[in-house]
**Student:** 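The structure that follows is given in the form of structure tokens.
Protein chains get the first letters and strands the later ones, always in sequence-line order, with residue 1 at the start of each. Everything numeric in this text was worked out from a predicted model, so none of it was measured.
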There are 2 protein chains.
Amino acid sequence: MELTVAEENYLKAIYHLSDGGKKSVSTNDIAAEINTKPASVSDMLRKLGEKEVIEYRKYYGLQITETGKRYALQTIRKHRLWEVFLVEKLNFAWDEVHEVAEQLEHIQSPLLIQRLDAYLNFPKFDPHGDPIPDEFGDVRSRPRVQLNEMDVDQTGQIVAVKDSSAAFLRYLDKVGAYIGARIKVLDKVEFDGSLEILVDQKKTLFMSKDVASNILVLQS
Amino acid sequence: MELTVAEENYLKAIYHLSDGGKKSVSTNDIAAEINTKPASVSDMLRKLGEKEVIEYRKYYGLQITETGKRYALQTIRKHRLWEVFLVEKLNFAWDEVHEVAEQLEHIQSPLLIQRLDAYLNFPKFDPHGDPIPDEFGDVRSRPRVQLNEMDVDQTGQIVAVKDSSAAFLRYLDKVGAYIGARIKVLDKVEFDGSLEILVDQKKTLFMSKDVASNILVLQS
DNA sequence: TTTAATATTTAGATTAGGCTAAAAATAAAT
DNA sequence: ATTTATTTTTAGCCTAATCTAAATATTAAA
Ligand SMILES: [Mn+2]
Ligand SMILES: [Mn+2]
Ligand SMILES: [Mn+2]
Ligand SMILES: [Mn+2]
């Protein structure tokens, strides 16, 4: 069976919002995520239900099926591989890739993806630190914690970001908080949850709780 | 103004069939080229006329406008750059690229194309020997002649193919007639126009007039 | 110069994806 | 336990791109 571009986008949104099928997702959430109206979502859910990529009970929400997960993971795989390509080969900044990857992920050609994967040396993570599912949809995920939840004196390495918006990524660039950076929590302000961080053993950095909550760390 | 994927495909077909705006094109020809019905073509011509990328007079054919040419050349540029990428970087065979390039040519991102072009070292020709328009739509075309029109003892270099079908390209691979090969016409059979060719000063090759007419040569 | 053949366009449907406004179901508050 | 608010779905409409069948224009033949 083949999915349309719109169906692929919906399925990907559902997969993400449901955290891989764990949480339940609302019609309104989907509408917000992909910038459509709830009425349009209802209609699409009916169609996705008929195609059996979700299990849909009117008014009671939906459950992504195993088939649906496979499709979603396939699209996510393509999206992230293209992002790696854009950054590694075409020198895109990490905040410039998302829009384009959003289009490239819909190109249909198994050979293309297989070759692209090999060309990039089978990367395991995209430029934002998110894991790239393998061709069978398996994801090797690392245990990671939000920076705002770490305690003073704990150390680790930035491995991913939760928010991939250009604004946030450009901010991180500016302050030097790149993926791979080793960090240590120097201080935490009780009052507002803001943090003082040591980056790469040399630079100290202050950040709000809000910023910190969008930085994911592999503790060490 | 932005064109839809279908509009881009129509415009490209019109550009090709009209030989860059020189020849006149029929509704039926377009339908055949892009595998649709004439009725669908009529409707699309009306729309393309409204968008002023063609000048359309019902029953009397059409003329591609300067604006239309710019759009068509932009799409052709993208198509050919992607073909180079697929062959040079992802090791696609030259008969495997067309389908995928047909999709990739519709990705919207000026930055992407600019970077891709640079990454490929500003190639001037695609894997089938067709020239790649520059970002302004300028095409540097070489004078080339169909192999079947050459005379005995004349020499040259294969620079392009007219037919890019997988079947034809695989045949050329098999007999060793690649782009760049130096050739010499050893003999021509008066009766059916078939030819005997010397390839790279070592291999002789017999081919029908039909095959030869799809091979383009830069004479020397 | 009529008539026949061919090419092209129009009419009317269909499918996909979206929208607004109204209806209906569920959830939250009194 | 009603009433109110929120969420979700349905109804009806729209645009893009396709199709088949019918109508019309152009071109070729008799
Ligand atoms: Mn992304
Ligand atoms: Mn997308
Ligand atoms: Mn091609
Ligand atoms: Mn195309």
**Student:** Should the ring pair Tyr119(B) and Phe85(A) be called parallel, tilted or perpendicular, given that the plane angle runs from 0 to 90° and is split at 30 and 60?
**Tutor:**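 Answer is perpendicular, since the angle exceeds 60°.
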**Student:** Are a donor atom and an acceptor atom from the side chains of Asp163(B) and Ser165(B) found within less than 3.5 Å of each other?
**Tutor:**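 Short answer, yes.
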**Student:** Which residue is it: Asp134(B), Asp138(B), Asp117(B)? I am looking for the one with a salt bridge (charged side-chain N to carboxylate O under 4.0 Å, His left out) to Arg77(B).
**Tutor:** Asp117(B)
**Student:** Among dA16(C), dT9(C), dT8(D), which nucleotide sits nearest the side chain of Ala39(B)?
**Tutor:** dT9(C)
**Student:** Check the distance between dT8(C)'s C1' and Leu48(B)'s CG and give it to me in whole angstrom.
**Tutor:** 16 Å
**Student:** Would you mind classifying the nucleic acid contact of Thr36(A) as base, sugar-phosphate or nothing, using non-hydrogen atoms under 4.0 angstrom?
**Tutor:**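 If one applies the 4.0 Å heavy-atom cut-off, Thr36(A) turns out to touch the sugar-phosphate alone, with no base involved.
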**Student:** Can Ser208(B) and Asp210(B) be counted as having a side-chain donor-acceptor contact under 3.5 angstrom?
**Tutor:**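 No donor-acceptor contact under 3.5 Å links the two side chains.
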**Student:** Any side-chain N or O of Thr4(A) under 4.0 Å from OP1/OP2 of dG17(C)?
**Tutor:** yes
**Student:** Could you check how far OH of Tyr59(B) sits from P of dT26(D), rounded to whole Å?
**Tutor:**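 Rounding to the nearest Å, OH of Tyr59(B) and P of dT26(D) are 7 Å apart.
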**Student:** In whole angstrom, give the distance that lies between atom CE of Met44(A) and atom P of dT15(C).
**Tutor:**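 Rounding to the nearest Å, CE of Met44(A) and P of dT15(C) are 16 Å apart.
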**Student:** Could you give the CG-to-C1' distance, from Asp29(B) to dT8(C), as a whole number of Å?
**Tutor:**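 Going from CG in Asp29(B) over to C1' in dT8(C) covers 13 Å.
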**Student:** Only one of Asn214(B), Ile197(B), Val175(B) passes side-chain contact (heavy atoms from CB on, under 4.5 Å) with Met207(B); say which it is.
**Tutor:** Ile197(B)
**Student:** Quickly work out the Leu11(B) CG to dA17(D) P distance and round it to whole Å.
**Tutor:** 13 Å
**Student:** Check the distance between dT9(D)'s P and Arg57(A)'s CZ and give it to me in whole angstrom.
**Tutor:** 12 Å
**Student:** When you get a sec, tell me which of dT8(C), dG18(C), dA25(C) is the closest nucleotide to the side chain of Tyr10(A)?
**Tutor:**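 Nucleotide nearest to Tyr10(A)'s side chain: dG18(C).
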**Student:** To the nearest angstrom, how far is Ile30(B) atom CD1 from dT8(C) atom P?
**Tutor:** 9 Å
**Student:** I need the CG-C1' distance between Leu45(B) and dA16(D), as an integer number of Å.
**Tutor:** 15 Å
**Student:** Indicate whether OP1 or OP2 belonging to dT9(C) is found under 4.0 Å from a side-chain N or O atom of Lys37(B).
**Tutor:** no
**Student:** Any side-chain to backbone donor/acceptor pair from Gln154(B) onto Gln219(B)? Under 3.5 Å, distance only.
**Tutor:** no
**Student:** Can you figure out which of dT9(C), dG18(C), dA16(D) approaches the side chain of Ala6(A) most closely?
**Tutor:** dG18(C)
**Student:** With DNA chain C as reference, determine whether Lys58(A) or Asn35(A) sits nearer its 5' end, using the nearest nucleotide of each.
**Tutor:**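 On the 5' side of the pair lies Asn35(A).
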**Student:** Counting the atoms with a prime plus P, OP1 and OP2 as sugar-phosphate, which does Thr27(B) contact under 4.0 Å by heavy atoms, base, sugar-phosphate, or nothing?
**Tutor:**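 Sugar-phosphate contact only - Thr27(B) comes under 4.0 Å of backbone atoms but never of a base.
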**Student:** dT8(C), OP1 or OP2 - any side-chain N/O from Asn28(B) closer than 4.0 Å?
**Tutor:** yes
**Student:** Between Tyr60(A) and dT26(C), does any side-chain N or O lie under 4.0 Å from OP1 or OP2?
**Tutor:**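 Affirmative; the distance criterion is met.
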**Student:** So, is Ser40(B) close to the dT18(D) phosphate, meaning a side-chain N or O under 4.0 Å from OP1 or OP2?
**Tutor:** no
**Student:** Would you indicate what Asp43(B) reaches in the nucleic acid, counting non-hydrogen atoms under 4.0 angstrom: base, sugar-phosphate, or nothing?
**Tutor:** base
**Student:** Think Tyr56(A) has a side-chain N or O under 4.0 angstrom from the OP1 or OP2 of dT8(D)?
**Tutor:**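 Indeed not, no polar side-chain atom of Tyr56(A) lies that close.
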